[in-house]
> 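Below: one structure in structure tokens.
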Amino acid sequence: MKYRLLKEIRDCWARFWISEKHILYIDTEYVLHCISKEKLQQNWEIGNSYGGFINGQYAIIELVSHEILIVNVENGSFVSKLSEFLNFPGEFYNGCYYSSYRFENENMSTFVQFDLKTNQVCKKQKTEFPVVLVLDYTSYLSWTNDKGNEYHPNVVSKINIEQNSITWQYSISDLGPYLEFRSPLEPLEWVERKIYDLYLENGIIFAIISKGIVALDPETGKQLWWVDFNTTEMETVFFDFQPYSLSFADGKIYCRDWHEFLSISMTTGEILLRKEYIGFEVSGKVVENTKNSGLKIHNGKGYFVLDVDAELYLVSMNLETAEVKIETELPDVKDQVHAEDIYFEGNRMYLRDCASFLYVYEVTD
């Protein structure tokens, strides 16, 4: 494959959104920019913005003033403004956009349902449970710890939206503690597990927890299976997950930490492949670890960006064997790239690095 840089966009803060014809992104001064994908030139910009997405011919923008601004996506002209607050990014489900927010001086969250056909808020409801993952029209997942707050969570709850009540709860405390590695100079310590992230894929809830993955039935909260990577062996004790580190394709879960790759059956939890993939050479140097985790799945391969002595490379991984291949050097990229910030579409690849640059590449055979 050949990769050619088409555009470097400076000051792309945290998130970007791509539609059929446009790119939206927020800069560090809270200005939302709309760029034409065809010409890679800016069409318009709007200040005091905090987030947004494209819905057909409209751009839905969250303003710093806690209002929703709706504009024409082609030219940024005003359409309407709503005195409602949406929190981006949220969840799309069957013609609606769901989000929740909580102001610092409030004890309750506000759950909002936004109708994408009418561009209106069709439901707004207070809830004492933080919204983490929307399941359907009537329920969402929340998390807390045993003391009732959402920090270092170890309890997953399914919440009935209409009744603001708990349908079921699942606690990971029964799975026991795990060995935490802090540094070579400190002893290993048994600590309580916590939940890092939640996914809904193929009708199953997957929870990333400390040193493991748990699969739950969304209707009952019953544990379907769980995989424990906890071990007392020093050579494998480091394996752990961070948010956004799971990828799903072909009925399998794929994950990668700094030196190991795993594929797991989504239905049974069986580990199909666990393999150390480091040890290959790049420019005469043996790669002994990587600085980030996760994979972006595209065309049957897993992609990530590798840092070797401050030189960055796009790497592809064979999902069946864990063999790696250096696709191309990325001399224009300024900083680390997380796997979730790699986006493929047609003959283009978009990368956003940790220095807030967005890169648009043309990809050809």
Side-chain angles (χ1 to χ4, degrees), residues 7-92 96-127 130-132 134 244 334-335 338 340-341 343 350-360:
K7 183 77 171 182
E8 177 182 288
I9 301 170
R10 303 174 62 91
D11 205 20
C12 176
W13 181 50
R15 300 181 292 269
F16 62 93
W17 301 267
I18 297 176
S19 71
E20 183 180 355
K21 296 181 179 179
H22 304 90
I23 304 169
L24 289 185
Y25 74 93
I26 307 285
D27 68 22
T28 54
E29 299 297 324
Y30 299 101
V31 177
L32 182 140
H33 303 262
C34 179
I35 293 177
S36 163
K37 285 173 62 178
E38 180 182 1
K39 298 181 180 180
L40 291 177
Q41 296 177 351
Q42 179 167 297
N43 288 346
W44 49 267
E45 65 180 44
I46 293 178
N48 297 317
S49 302
Y50 195 74
F53 62 87
I54 294 174
N55 178 34
Q57 60 182 316
Y58 304 107
I60 315 300
I61 304 168
E62 172 194 336
L63 299 178
V64 175
S65 60
H66 302 159
E67 297 173 298
I68 300 170
L69 180 65
I70 301 175
V71 303
N72 186 302
V73 73
E74 294 295 336
N75 55 30
S77 60
F78 176 83
V79 176
S80 63
K81 183 186 288 188
L82 303 176
S83 296
E84 304 284 352
F85 183 76
L86 290 181
N87 188 23
F88 298 99
E91 299 283 340
F92 293 94
C96 290
Y97 181 88
Y98 296 83
S99 70
S100 68
Y101 64 90
R102 178 185 295 181
F103 295 115
E104 292 183 2
N105 60 346
E106 291 186 344
N107 294 323
M108 302 277 283
S109 296
T110 300
F111 181 88
V112 177
Q113 180 182 353
F114 184 85
D115 191 314
L116 297 175
K117 292 182 180 179
T118 62
N119 285 327
Q120 295 289 327
V121 171
C122 55
K123 179 180 293 185
K124 182 178 179 183
Q125 180 175 326
K126 291 287 186 179
T127 173
V131 180
V132 178
V134 174
Y244 312 112
K334 313 294 188 297
D335 205 343
H338 298 299
E340 67 267 21
D341 288 328
Y343 182 83
Y350 300 85
L351 297 178
R352 181 195 167 275
D353 68 15
C354 294
S356 297
F357 285 81
L358 176 62
Y359 308 89
V360 184

> Let's go through S49 and L63 carefully: what are the C-alpha distance in whole Å and the side-chain angles of both, what is the deciding distance for side chain to side chain contact (heavy atoms under 4.5 Å, CB included) to 0.1 Å, and is it a yes or a no?
CA-CA 4 Å; S49 302; L63 299 178; 4.1 Å; yes
> Does a side-chain heavy-atom distance below 4.5 Å link I70 with F78?
no
> Just verifying a value: how many Å separate I68 CD1 and E62 CD, rounded to the nearest 0.5 Å?
8.0 Å
> Is any side-chain heavy atom of Y97 closer than 4.5 Å to one of L116?
yes
> Check whether any side-chain N or O of R352 sits under 3.5 Å from a backbone N or O of C12 as a donor-acceptor pair, and report yes or no.
yes
> Would one find more than 12 heavy atoms of other residues, nucleotides or ligands at under 6.0 Å from atom NZ of K21?
no
> Determine whether a donor-acceptor pair (N or O, by modelled atom type, separation under 3.5 Å) exists between the side chain of K7 and the backbone of L40.
yes
> My understanding is that only one of V79, V71, V73 makes a side-chain contact (heavy atoms from CB on, under 4.5 Å) with Y58; could you say which?
V79
> Measuring only between side-chain heavy atoms, which start at C-beta, is I18 closer than 4.5 Å to K37?
yes
> Would you mind reporting whether V131 and N87 have side-chain heavy atoms less than 4.5 Å apart?
no
> Could you check whether any side-chain heavy atom of Y25 comes within less than 4.5 Å of a side-chain heavy atom of D11, counting everything from C-beta outward?
no
> Using ring pair (Phe, Tyr, Trp, His ring centres under 6.0 Å), reason through W13 and Y50 one step at a time and then give a plain yes or no.
CA-CA 10 Å; W13 181 50; Y50 195 74; 5.7 Å; yes
> Count the heavy atoms of every other residue, nucleotide or ligand shown that sit under 6.0 Å from OH of Y343, and state whether that count exceeds 12.
yes
> Rounded to the nearest 0.5 Å, what separation is found between the CG atom of L358 and the CD1 atom of I35?
7.5 Å
> Please collect all side-chain hydrogen bond (donor to acceptor under 3.5 Å, both in side chains) contacts where either partner lies in residues 65-77, sequence neighbours excluded, each pair once.
S65-E67, N75-S77
> Taking the side chain as C-beta and beyond, is there a heavy-atom pair between K334 and E8 under 4.5 Å?
yes
> Is the closest side-chain heavy-atom distance between H33 and E45 below 4.5 Å?
yes
> Starting from the C-alpha separation in whole Å, work towards a yes-or-no answer on side chain to side chain contact (heavy atoms under 4.5 Å, CB included) for Y350 and I9.
CA-CA 11 Å; Y350 300 85; I9 301 170; over 6 Å; no
> Out of curiosity, S19 OG to L24 CG, how far, rounded to the nearest 0.5 Å?
7.0 Å
> Which residue is it: F114, Y98, F53? I am looking for the one with a ring-ring contact (aromatic ring centres under 6.0 Å, His included) to F92.
F53
> Do you know the tightest heavy-atom contact between N43 and S36?
OD1-CB, 3.8 Å
> With sequence neighbours left out, what residues match E84 under side-chain hydrogen bond (donor to acceptor under 3.5 Å, both in side chains)?
K124
> Is there a donor-acceptor contact under 3.5 Å from the side chain of W17 to the main chain of G52?
yes
> Hey, mind stepping through N48 and Y30 against side chain to side chain contact (heavy atoms under 4.5 Å, CB included) and telling me if it holds?
CA-CA 5 Å; N48 297 317; Y30 299 101; 5.6 Å; no
